[in-house]
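Okay, so here's the structure we're looking at.
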Amino acid sequence: MATEIELIFPDGNPVFYPAGITGKEIAESIGPGLAKAALAVEINGEKTDLDTPIAESGDFRVLTFDDDEGKRIFWHSTSHIMAEAVRALFPDTKIAIGPAIDQGFYYDFDRDEPFTPDDLDAIEKKMTELIAEGRVFERREVKRKEAIERFEKEGEIYKVELIGEIPAGEKVILYTSGEFTDLCRGPHIPDASRIKAFKLLSIAGAYWRGDENEKMLQRIYGISFPKRSMLDDYLEKLEEAKARDHRKIGKELDLFSIHEDIGPGLVLWHPNGAIIRDLIEDYWRRRHRQEGYLPVYTPHVGRAQLWETSGHLGFYTENMYPPMEFEDGGIYYVRPMNCPFHIAIYKTRIRSYRDLPILYSEMGADYRYERSGVLHGLLRVRGFTMDDAHIFCTPEQILDEVMKVYGFSLEILRSFGFEDFGIYLSTKPEKCVGEAERWEQATDALRQALDKMGLPYKVDKGGGAFYGPKIDIKVKDALGREWQTTTIQFDFNEPERFDITYIDEDGQKKRPYMVHRALLGSLERFFACLIEHYAGNFPMWLAPTQVVVVPVSDKFSDYGKSVHKKLVSSGIRARLDDRPETIGYRIREAETAKIPYMVIVGEREANSDTGSLRSHAHGDLGSMSIEEIITRLTDEGKPPA
RNA sequence: GCCAGCAUAGCUCAGUCGGUAGAGCAGCUCACUCGUAAUGAGCAGGUCAACGGUUCGAAUCCGUUUGCUGGCUCCA
């Protein structure tokens with residue numbers, strides 16, 4: 001065994017250490033600041049505890065709370081402390097799993113009595129005590145049998161189940177902190193006193209193993225930090241996020257509403273929301289025409305037979321509204337998707353390879369019977385409009401078509417100000433239709449498109465639909481939750497079921513590729529994302545009202561009217577507010593309505609044919625001629641090219 | 001659908017121990033005619049989500065239903 005190891009630090013510099021040195025000692029050798037911040041180390045991509053002797057050479061780094069991995073270790077350790085506190089207070093509780101998540105941690109418990117908010121306070125208090133008492137995390141490798149016996153004795157049936165699933169070659173590791181021992185791969189922070197601030201945030205139900213046939217457990221969510229101020233900042237950010245919530249802003253800016261007596265998940269677009277929607281649709285239609293898409297319009301209902309053929313009645317009934325039956329026996333369903341109708345148009349004549357690709361697009365209203373617990377503002381509804389299109393093409397064309405549609409999608413999302421995407425490639429699941437060769441070719445096309453654009457993406461192995469692989473793009477809402485907007489999905493199911501074909505060069509009938517794609521996803525969901533993204537401060541090209549003309553008093557109402565008329569006839573979405581309220585009141589109201597501009601007119605302006613421009617973002621911009629204001633607002637109000 | 005919490009005026013929210021409903025904003029009326037984020041006064045506004053139960057008496061306690069919120073599962 002080597003007596004010396006060579007560690008390559010993140011800056012690329014190699015440093016030699018005696019073999020068996022611990023991460024803690026290395027951190028100390030670098031500096032007291034790092035030693036204090038160090039939580040764990042990573043050697044050749046393997047994370048270990050600070051006090052584990054290091055025997056091998058390789059890439060090395062110290063993990064602190066500044067690293068994502070460091071955060072996860074920190075939060076995971078906090079979840080152990082929480083579990084110990086829960087077991088101390090409620091000894092009849094069984095423990096399941098307690099991982100770190102993107103923002104904090106949770107632990108799942110099995111207990112007959114539900115946890116109450118008061119219980120959370122008690123648990124927090126207990127955790128504080130445990131941390132004050134001093135808790136270190138001790139790692140121990142044990143024999144599988146020993147671990148099973150231990151947890152069986154304690155009645156920890158979930159742990160026993162988990163151990164049973166650890167692959168034969170893998171070590172079984174237990175971590176003990178205080179009175180609490182848990183099955184855990186680790187690593188952990190050296191000492192719980194690092195946890196300077198934490199908060200338990202919510203209680204929720206969660207199925208064991210995420211399977212709704214399994215028992216529902218109680219999940220407690222929490223977050224923790226190495227500094228008190230970080231928790232305060234986090235909680236403040238949470239409050240700010242709530243202020244961006246599209247449901248709140250939707251009400252404040254009079255954009256939309258949803259009514260119990262109309263139906264859950266059914267959206268009314270008020271004028272302010274509908275103006276924005278119109279502008280989105282205008283832009284969308286223009287760009288789609290430019291990209292070679294052909295518009296179609298299709299009905300919102302269709303015969304049962306159609307849905308039988310498409311397969312929806314087989315695999316999608318749970319999400320469909322119940323059938324409508326006529327006296328003559330005709331049965332119709334409201335559509336959950338548009339595809340069968342687009343296919344029907346494709347099938348109205350024999351298609352040649354020369355006709356392909358064919359791109360049919362439609363803002364198609366769809367209705368899906370979503371389970372009651374999943375509805376969520378505009379983000380998850382029962383009636384929505386998909387910005388749908390179907391691409392029919394030859395095998396030779398798919399790569400090109402996928403590249404185009406992926407690039408198109410990024411362009412559209414970016415033009416609405418989105419830059420931070422979660423991109424996912426979902427590949428072939430176990431149960432699926434379609435030939436292996438087609439799956440391969442399609443997945444390959446998707447992967448090539450993704451690679452070519454160079455944006456990072458995650459592969460969801462086996463996560464594709466049973467009918468084809470797909471690319472999904474998700475954007476985050478105010479609370480950091482990801483919502484799918486763009487989806488680009490291959491379909492090997494419906495072309496088969498509807499037997500769609502084209503005649504190739506060789507005169508043979510062949511099966512075209514079919515791709516479903518929505519770029520915005522649904523207008524409802526996209527609108528929600530847009531509201532939260534801009535926090536209601538829509539850019540000029542989308543603002544329902546772009547400018548309000550505010551005469552200082554009644555005396556200048558006539559001049560205000562003439563300015564308003566000029567703005568409107570220049571195509572600017574202007575409003576006049578000459579109500580007999582104080583000037584301060586009317587300015588404040590326009591500000592809270594997040595209207596991008598005001599033109600304030602009084603004696604000075606009336607005498608010089610000018611207006612005083614005030615911006616929502618920058619305040620008073622001073623007086624300028626009406627022509628200048630029109631030019632300025634028109635330029636800024638142009639939709640994306 | 002499942003777990004937990006919540007539901008009072010158009011909005012945001014008070015309402016103690018069960019004793020019969022309250023504020024601010026918004027709305028309406030009047031006065032004020034105003035220079036860059038709230039002028040003042042007055043008026044009106046409620047089957048306390050719905051239904052059932054306990055009680056002399058229920059916004060308040062209990063049950064059911066509906067809706068919403070946070071999760072789970074599912075998904076645009």
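The analysis underlying the following values was restricted to heavy atoms, covering all of them including side chains, and did not include hydrogens, waters or symmetry mates. This structure is a prediction, so every number in the text was calculated from the model and none was measured.
- Non-hydrogen atoms lying under 4.0 Å from RNA chain B are contributed by A/P114, all within residues 108-123 of chain A.
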*asked:* Dot-bracket, 5' to 3', for RNA chain B please: Watson-Crick or G-U pairs under 3.5 Å, [ ] where pairs cross earlier ones, | where the partner sits on another strand, dots elsewhere.
replied: (((((((..((((.....[..)))).(((((.......))))).....(((((..]....))))))))))))....
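- Considering only residues two or more places apart in sequence or on other chains, A/E419 meets the salt bridge (charged side-chain N to carboxylate O under 4.0 Å, His left out) condition with A/R414.
- Contact check of residues 209-222 of chain A against RNA chain B (heavy atom, cut-off under 4.0 Å) returns A/G210, A/E212, A/M216, A/R219, A/Y221.
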*nucleotides 27-41 of chain B: protein proximity per nucleotide (B base, S sugar-phosphate only, - neither; heavy atom, under 4.0 Å)*: S----BBBBBBBB--
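- If you check every strand for non-hydrogen atoms under 4.0 Å, A/G364 touches nothing.
- By the salt bridge (charged side-chain N to carboxylate O under 4.0 Å, His left out) test, A/E260 pairs with no residue at all, sequence neighbours left out.
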Any protein N or O atoms within reach of nucleotides 43-50 of chain B? Criterion: under 3.5 Å, listing atom names and distances.
none

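- When the side chain to side chain donor-acceptor pair (under 3.5 Å) test is applied to A/R575, no partner is found at least two apart in sequence or on another chain.
- Here A/H76 pairs with A/H80, A/H188 under the ring pair (Phe, Tyr, Trp, His ring centres under 6.0 Å) rule; sequence neighbours left out.
- Screening residues 581-612 of chain A for ring pair (Phe, Tyr, Trp, His ring centres under 6.0 Å), with sequence neighbours left out, gives no hits.
- Scored by the side chain to side chain donor-acceptor pair (under 3.5 Å) test, A/E240 finds no partners at all (sequence neighbours excluded).
- Residue A/R247 is in sugar-phosphate contact alone, with no base atom involved, counting any heavy-atom pair closer than 4.0 Å across all strands shown.
- Under the ring pair (Phe, Tyr, Trp, His ring centres under 6.0 Å) criterion, A/Y283 pairs with A/F416, A/W541, sequence neighbours left out.
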